[in-house]
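Some notes on the structure that comes next.
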Amino acid sequence: MSELMTLSRTILQRKRSYEGATGDFTLLLNHIALAAKVVSRQVAKAGLLDVLGKAGKDNIQGEEVQRLDVIANDLLIELLNDLPMVAAIASEEEDNLQVTQAGRLDGKYLVCFDPLDGSSNIDVNVTIGTIFSIRKRKETGREATVEDFLAPGSEQVAAGYAVYGSSTMFVYTTGDGVDGFTLDPSIGEFVLTHPDIRIPDSPRCLSGNVLNRKNWLPGTQAFWDGIANSTDERYKKTGLRYVGTLVADVHRNLLQGGVFIYPDDRKSPNGKLRILYECHPLAFVVEQAGGAATNGRERMLDIVPTGLHMRVPLIIGNKQEVALYSQMLAEHP
Ligand code: P6P
């Protein structure tokens, strides 16, 4: 049994925590993992549990909310609401921040999440996921405000995701490397299967919605075409992969190497993806695994959000390709 490295045992034995962390952090992370286990079960049985389809409303993003979005969102809020160390929550599915009951005054953590990323793929059985980010408040003794969330991504103390695919995986970092766990349903535990993930320096996948190419900036087009038409050895095995679920595309690139782009373009000057609960957490994970993430012009983790639902362009994956993108933007104004 000594080989059975669960999430909790890994945190304790590999200090996958962070300076100043206490048991509170472990409890918080385990609650997020618990939510992932429950969502995993709902997703696995979606067609049988009558949880497919639309919830009959749009969210603040203007996107049609799926019933599983609501289930995942409500579950995460319920689980975190009882934790005295969590002061407030920012969710893709909630217009405003959610001040928690137990930790509203003295909770030291702020949690941001996209409860179910890739919702449009739920009904067609394509991989979806949950993305989370944990920040520490600079002061307690009062209710959290939106301003408490508006800090650079470099101030995250932990970030990660669950991805509900052929298996359910839980991947996270606290700034000391990245570990990946696979859910063993027979024991209900996330077991360490991918210790110390490092992104391979060989971009196996070029990932982006190339049907938007007509709206892309000249630099984006030059970046894409340069790789697509390259005869360089580096791109000999590079293929196009685009799931339509951000966390699935980023997870695949993390394990195989690659670059994902959701850029700004003439129709969407800020791109589509949200910084607080999509781009900052994934940038933290990918940087910790040896990759990079920018908005095409500056490091993603240096960007300070101006609102809970701020959108930013995202270029994320192998360092060389992320840098090449910025170079192409600069050379093709
Ligand atoms: P498009 C899913 O709705 C999502 O927010 C991300 O998970 C995904 O990468 C992106 O949208 C896909 O957007 O415009 O290519 O369908």
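Atoms within a ligand are numbered from 1 in the order they appear, just like the ligands themselves.
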Discussion item. Strictly distance-based, threshold 3.5 Å: is any side-chain N or O of His280 a donor or acceptor partner for the main-chain N or O of Gly153?
Written reply: yes
Item to complete: Give a yes/no verdict on whether any heavy atom in Arg274 is under 4.0 Å from an atom of ligand 1.
Response: yes
Worksheet item: Closest heavy-atom contact between Asp249 and Arg241?
Response: OD1-O, 3.8 Å
Fill in: More than 12 heavy atoms from other groups under 6.0 Å of CG on Asn125
no
Discussion item. Could you check whether atom CD of Glu233 has more than 12 heavy atoms from other residues, nucleotides or ligands sitting under 6.0 Å from it?
Written reply: no
Item to complete: Answer with yes or no after comparing the ring centroid distance for Tyr277 and Phe113 against a 6.0 Å cut-off, counting only values under it.
Response: no
Practice prompt. Considering the heavy atoms of Gly244, write down every atom of ligand 1 situated less than 4.0 Å from one of them.
Written response: 2 (C), 7 (O), 8 (C), 12 (C)
Worksheet item: Any donor-acceptor pair under 3.5 Å linking the side chain of His309 with the backbone of Glu94?
Response: yes
Response to the item:
Tyr242 heavy atoms within 4.0 Å reach ligand 1 at atoms 1 (P), 12 (C), 13 (O), 15 (O)
Worksheet item: What distance do Thr294 atom OG1 and Glu287 atom CD have between them, rounded to the nearest 0.5 Å?
Response: 10.0 Å
Discussion item. Heavy atoms only: which of Glu278, Lys272, Glu92 lies closest to atom 13 (O) of ligand 1?
Written reply: Lys272
Worksheet item: Has ligand 1 got any nitrogen or oxygen that is less than 3.5 angstrom from a nitrogen or oxygen of Leu246?
Response: yes
Worksheet item: Heavy-atom contact under 4.0 Å between Ser119 and ligand 1?
Response: no
Discussion item. Please check whether Asp117 reaches ligand 1 - meaning an N/O of the residue sits under 3.5 Å from an N/O of the ligand, judged on distance alone.
Written reply: yes
Worksheet item: For atom 14 (O) of ligand 1, what's the nearest protein heavy atom and its distance?
Response: Tyr262 OH, 2.7 Å
Practice prompt. Check whether any N or O atom of Asn209, backbone or side chain, sits under 3.5 Å from an N or O atom of ligand 1, and answer yes or no.
Written response: yes
Worksheet item: Considering distance alone, does some N or O of Asn212 sit under 3.5 Å from an N or O of ligand 1?
Response: no
